[in-house]
Every structure is written in C-alpha cells, then in structure tokens.
Amino acid sequence: PRPAEPYLDGSDGKDWPGYGRSFGEQHYSPLTQIDGKTVGDLGLAWWFDLGPENSATQPIAVDGVLYFGVGHSIVHAIDAKTGKLLWRHDPHAAEAAGPNLRLGWGSRGIAWGNGKIYTGTQDGRLIAIDARTGKEVWSVQTFDKNQPTYISGAPRYYAGKVIVGFGGDMGKVRGYVTTYDADTGKQLWRFYTVPGNPADGFENKAMEMAAGTWSGEWWKYGGGGTVWNAISYDPETDTIFLGTGNGYPWNHKVRSGGKGDNLFLASVVAVSGSTGEYKWHYQQNPGETWDYNAAMDMALADLTIAGKPRKVLVTAPKNGIFYVIDRVTGKLISAEPYTKVNWASKIDLATGRPVENPDARYPDGKTFTIWPSSAGGHSWQPMAYSPATRLAYIPVINAGMTIRDEPDLAHYKPPLDRSSGGSFIPDFDVKDPKQATGALVAWDPVTQKKKWSVEHPTLANGGVMATAGGLVFQGTVDGSFKAYDAATGKTVWSFATGTPIVAPPISYRVGDTQYVTIITGLGTGLAMWAPILSRYNIDPRSQKRRVLTFAIGARAKLPADKHSVQPIAADPEFAPNPASAAAGAVIYMKHCVVCHGFGAVSGSHAPDLRRSTIPTSPEAFASVLREGALVSGGMPRFEEFTDRQREDVRQYIRTEMQKGRAGTR
Ligand SMILES: O=C(O)c1cc(C(=O)O)c2c(n1)C(=O)C(=O)c1cc(C(=O)O)[nH]c1-2
C-alpha cells in the first residue's frame, strides 16, 4: 500500500508538499503556532544565498526538508531547521533548450509525491528525483522539442500520478496536459485543450465537439490553449481541473475567421483524474482575443451560498472577473469584477457568457484601451483561500493597456521569441508608479464583494499564503515581507528583505516549530515594467536573492547588503548612427524587450545591458549572440542574426547607454 499522502486536505499541515499545499490549491496552512498574538515575535531563523538565476519560485516542504527549483529548474534540497544544503540537481535545461530558451524564464514550482521530487524543464522534460539522494529516477520528454514550448509551471502529484502542462502562447502550439505514473514515468493519458485538424480524426468526443466552435484552418496555427500554470484536483470525485491559456494567434479574426467560441481556450476544463476523459468545461472568454488566459490558480472550497452547501471552484483569472463555479457540474454560480474591467459590462448568469463591449474586438482595425491589461488583473502569483475566514486573498494588478491586435499573420512570424503576439502599449506612463498599482484584495466569494484591501506601491507583488493562525502573508516589490490580520487587513508584522519579492510563501512544521519560508528576488515577465520598478532594488546583478526562513523567537540578522548598482558602462568609441539604432530598436523590441526591458532599462530577470561592457565590444557581443557564450546562464543564442542586424542591435543599446550617461534618460 502507498504511504499516507500528506497532500490530502485533512492533513495537519506539517508538510507543504505541493504547489498549493493541498490538492485543492488553497495556498492555506492549517498551522496555528504563528498567530495574531505570537506573530510579533516572528524572526529570521536562517537564510540561504542564491545565485543570479530566476528565483520567482515557490518551495515545498516535506518531513523537515525544503525543496525548490531556481533558474532553469536547478533543484535544491535544504534542511529546513538549519538551512544546510543537502543536495542540488542541475538538469542543464538551459543548454538543452536550444531556441526554446528564448521563450521562458525558468521554473515557478515543483512537486513531491511518494518520496520523489518532480520538476519540469525548459526543454520539456519531466524529471523525477529521489527526494533523499537527489539522484534522477526517471525522465520523460513531454513535448516535441521542435515545438516552441517550455515548462514553467509546477507539475502536480495526485493518486500515484503526476500531471504536467507547458507554456508557449507565442507560437504555433496546440495545448495539452500529460499524466504519468509517478513511480515509473510511464505515460497514462494526454488531454488536448484545442482540436487538431479534423482530417486526422479526433482524439475523443470532446475534441469533436470543440472543433464545431472553430472556423477556417485553425490547426495550421496551433490554436493555443496551453496549460502553463493552474491545475487543481478533487480527490472526492477524482477530477482534474485545468486552467487553459489564450488563443494562438491572439487575434480571433486571424485564428478562426472571427467566428466561434474556440473551445477550450480561456476555460476551466474538468477531466477524470484516472483516464483524462472530459467531464465539463466553463469558458470565461468565448472567442478569446486579448491574451486573457484562464491559467490563474483555481482554489476548491466548500461554501454555503443562498442557504445551500455548494462545492465550488473559485478563480480570479487575467480578465478581471472573480468566478465561483460549481465544481461538480461546471455551472457558473456568480461572477463579478475584482478590478477595473472594461471589455465586458457583466457576465450573464443565465448563459454564463460575458456581455462584451463591442469596441474591445478592434472593429475596423481600431486600437482599444483594455482593462485589465494582457498582464492580467491577476497573474500567476497565486491567491490564497482561507476556509477559516472563507475569503480569497488576491494579489491584484490594476493596469490597462492599449492593444492593436495585428490582423495579419505575418506579424506572428517567427514565433520563436518571447515577443508579444499583439502589439501593445501600456495605458500608463511606464515611469509613473501611481498609474499602475497593485493591491492585496480580500474577496468574499459568497457576496462577491471586497472585504478589505491593502494598496501596494507598484503593480508587481508576491503570491499569497493564508494560515489558520488568522494571518495572510505576502511579499512586495519594495522588499517587505508582511503578515496581515486575515479578517481586517491590518498589518501585524513586517520584515525588510532588502530584495523584491514575487514568489508565494509557504508554512510547515519541523518537530514542534512552525516555519514560514519565502524566496526573494524578481524574475519572469516583470522586466518590461523596470522603469516603474526602478526605485526598488531591481538590478538583477546586485539583487540578493535568498531563501528566508522565519520562526517564533528566532533572531538571525541579514547582513547589511550593499546594493552597488554598476554604473552605465563607459563606451569611448561610441559614435551616433541614428539609422542603425532605429533598425536595432525594431529588432530589440521583437527579440529582447521582454527580458531586458523597455529602452534597455532592465530589472528583475536579465541584466541591464546599459550596465554591461559586452555591448561595447563587437567581439564580446557576437560571442554571446552568435556563439551562445552565456547560454548556461539563460541567455539564448540568436545565431540567425546577420552581422548587420547584430551591429544594429548593438548600436541601439549603445545609444540608450549614451542617453543614460548623459542623464537624458
Ligand atoms: O500562454 C502561455 O503559454 C503563457 C505562459 C507563460 C509562462 O509560462 O511564463 C506566461 C503567459 N502565458 C502569460 O500570458 C503571462 O502573462 C505570463 C507572465 C509570466 C511571468 O512569468 O511573469 N508568464 C506568463
């Protein structure tokens, strides 16, 4: 028989063995040692220094050991009591990813099950590692490496199986999830989220049904619908819930001739955990066209609504609406905006469909200033749901964006970059933090109303954890890790990390002690917002990325860090060449901006190129772009650039450097 699974919601909270802790993905700890009375005495127990790699990731904890994957899935095991490194497993995923290294930033989380750690990789492997020794047990390739995809999300373990999706809404991709036997890695089932070419036959009845909602030759473009982040599981009914991605190409007119709902894009899809057979779906954005994916975490909760006990699934996806769905039938119970929404006036509860603003679909090719932006009213940073307060705690992004979705397919080629599928302009001054804000919003799923909220100085903040101690924990980009009273939102504890936070915290017990752990450091898609974040210590090289662990009565002190941001590099040989810089700017906006930032002002993920000497030397620049000198650190090769193109990009960066030195930017 299998050992007891600490995943089950009924467990005592000793472990945090999966991304959302329990199968229901509540990001909730049942532990109570740290509560409103004791939290004032919460202090740092130990810290562990990380390198410069992506640290926007959540740890897990089982039997006194903390596990996490940073960078491109470099998994660490650490003694949770002492902070001592036990083992480290590097799958060399950046090197293995080839051109797919251009697409993503690394892992956001891992899974534990029956003595093994499971991690996905940039190159599409799902790897099982012995949790005790750090040795690889099995490894499977989950997608064709010629496909422009990558794994960033946490795999989920359930019932002796492990399920994984992948990301990649920027290219010709058909989304699916695959389930494997957790012991052997043998594939058990695969569920596609969008239909393929009908001429090839359908995999199942659900795909045949879905194909009726598409038009034209969508399969030539892939369709999209990647499951890049959210998966929940209900053991009671053996149901897996998938949060599906947006369409590819973004533009519904290009993808499907402007016709049809395009199932199962932007949907919650319920399938059997044993067989992957379709059960039901609820689509949030029929005919999705704004990168509004439904991939934000889905918490399972038991609520009393209108006097009746209901088993629900709650989710706050990108589109700004908080959905309460009956998780047995898939029927929508209620849906209300949790942030500013202008693409729809409401969700019609009788049909479950949004009443759309017609201007939102780019009539006659017109641009539209849409709220929320394609970054979402809420992104991957998980919300928490507390069964004690019956509130959801959402890390909200308040920002809009002007989008003109390109009507021609040419715009979508080549797909192999993390460039946007549509062209967009932020609906705010990227230097004015007041125009794009973040908040921690406590939301009542029964009344569909805000209970309380805490405003944050910028849009980028951390994932959330709630605890049975009546607390809500969240980190912010200004480098504070705070606990709030779960009922009122009052700040009850704060710790200055000195380093921004986007990852969600966890809590667990070793012996008699309750611990809280958070990983600090920016990462992922936030680089684009660097200009508004630049007041905070975001320079990727001087950020002190760390694992921080707290306990009651602990008194460790972080070293006084010197945030010595490198000056903008000297470039004595620079000579202006506006034509070359303009050509380089076009290439930069297509291939570089998402990691290195608007105007070459970077934060969070990749180095600020203005502060690097590499662009000042043609040889050094070529060694990185053409030869791939920095691949292991996550910088992809751009071997297809001609010498001219490489020089143009270099000229653009050097022009931005010059502006920086002259203080005009
Ligand atoms: O549709 C997809 O496949 C996909 C994947 C990812 C990802 O895996 O990073 C993101 C998105 N979409 C996305 O829409 C998005 O806003 C986003 C933000 C981030 C991030 O790491 O900050 N990833 C992703």
Side-chain angles (χ1 to χ4, degrees), residues 54-58 72-73 97 100-109 120-122 124 143 147-155 164-177 193-194 222-231 242-250 264-267 285 288-297 317-320 372-382 395 397 399 401 403 415 417-422 424 438 459-463 477 500 502-504 521-530 533 594-595 597 603-606 634:
N54 171 40
S55 57
T57 191
Q58 187 205 270
H72 287 287
S73 309
N100 284 352
L101 185 56
R102 299 180 189 183
L103 297 168
W105 300 284
S107 160
R108 289 187 303 271
T121 66
Q122 186 78 16
F143 56 71
Q147 173 185 296
T149 46
Y150 55 96
I151 302 174
S152 58
V164 71
F166 52 81
D169 64 340
M170 306 290 171
K172 184 179 168 183
V173 169
R174 182 182 177 206
Y176 62 74
V177 290
T193 58
V194 295
T226 47
V227 182
W228 62 273
N229 190 52
I231 301 174
L242 308 170
T244 68
N246 52 284
Y248 181 80
W250 282 16
F264 298 105
L265 296 180
S267 303
N285 279 94
E288 194 286 318
T289 201
W290 310 278
D291 190 30
Y292 275 170
N293 47 59
M296 285 68 233
D297 54 310
K318 272 191 178 181
N319 74 16
S373 77
S374 65
H378 166 215
S379 187
W380 62 266
Q381 286 83 352
I397 301 170
M401 206 169 235
I403 321 187
D417 285 293
R418 245 251 179 249
S419 59
S420 86
F424 56 75
L459 77 180
N461 298 290
V477 86
V502 284
L522 286 183
T524 76
L526 296 164
M528 288 212 302
W529 312 115
L533 301 180
V594 176
C595 295
S604 86
H605 188 63

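As the structure is a computational prediction, the values presented were derived from the model and not from experiment. Counting starts at 1 for both ligands and their atoms, in listed order.
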Looking at Tyr292, Trp380, Trp228, the heavy atom closest to atom 17 (C) of ligand 1 belongs to Trp228

Numbering as shown, the atoms of ligand 1 that approach Asn246 to under 4.0 Å (heavy-atom distance) = 1 (O)

Applying side chain to side chain contact (heavy atoms under 4.5 Å, CB included) between Ser152 and each of Gln122, His72, Arg108, report the one that passes.
-> Arg108

For Ser379, is at least one N or O under 3.5 Å away from an N or O on ligand 1?
-> no

Would you check if the side chain of Lys318 reaches a backbone N or O of Met296 as a donor-acceptor pair within less than 3.5 Å?
-> no

Please identify which atoms of ligand 1 are closer than 4.0 Å to at least one heavy atom of Gly167.
-> 3 (O)

Quick one: closest heavy-atom pair of Pro155 and Gly120, and the distance?
-> CG-N, 3.8 Å

Logged contact type for Asn293 with ligand 1, heavy-atom cut-off 4.0 Å, is side chain

Atom indices of ligand 1, in the order listed, that fall short of 4.0 Å to a heavy atom of Trp105 = 9 (O), 19 (C), 20 (C), 21 (O), 23 (N)

Could you tell me whether the side chain of Glu288 and the main chain of Trp290 form a donor-acceptor pair under 3.5 Å?
-> yes

Can you tell me how far OG of Ser379 sits from CG of Asp297, rounded to the nearest 0.5 angstrom?
-> 10.0 Å

Side chain Asn285, main chain Tyr292, donor-acceptor under 3.5 Å = no

Could you list the atoms of ligand 1 found under 4.0 angstrom from a heavy atom of Arg108?
-> 7 (C), 8 (O), 9 (O)

Please could you name the atoms of ligand 1 that Thr226 approaches to less than 4.0 Å, counting only its heavy atoms?
-> 1 (O), 2 (C), 3 (O)

Quick note on ligand 1: atoms under 4.0 Å from a heavy atom of Ser152 include exactly 7 (C), 8 (O), 9 (O)

When Phe264, Trp228, Phe166 are each screened for ring-ring contact (aromatic ring centres under 6.0 Å, His included) with Tyr176, the one that passes is Phe166

Please verify whether a non-hydrogen atom of Phe166 lies at under 4.0 Å from ligand 1.
-> no

Check: Gly175 main-chain N/O paired with Thr193 side-chain donor or acceptor under 3.5 Å = yes

Considering the heavy atoms of Gly168, write down every atom of ligand 1 situated less than 4.0 Å from one of them.
-> 2 (C), 3 (O)

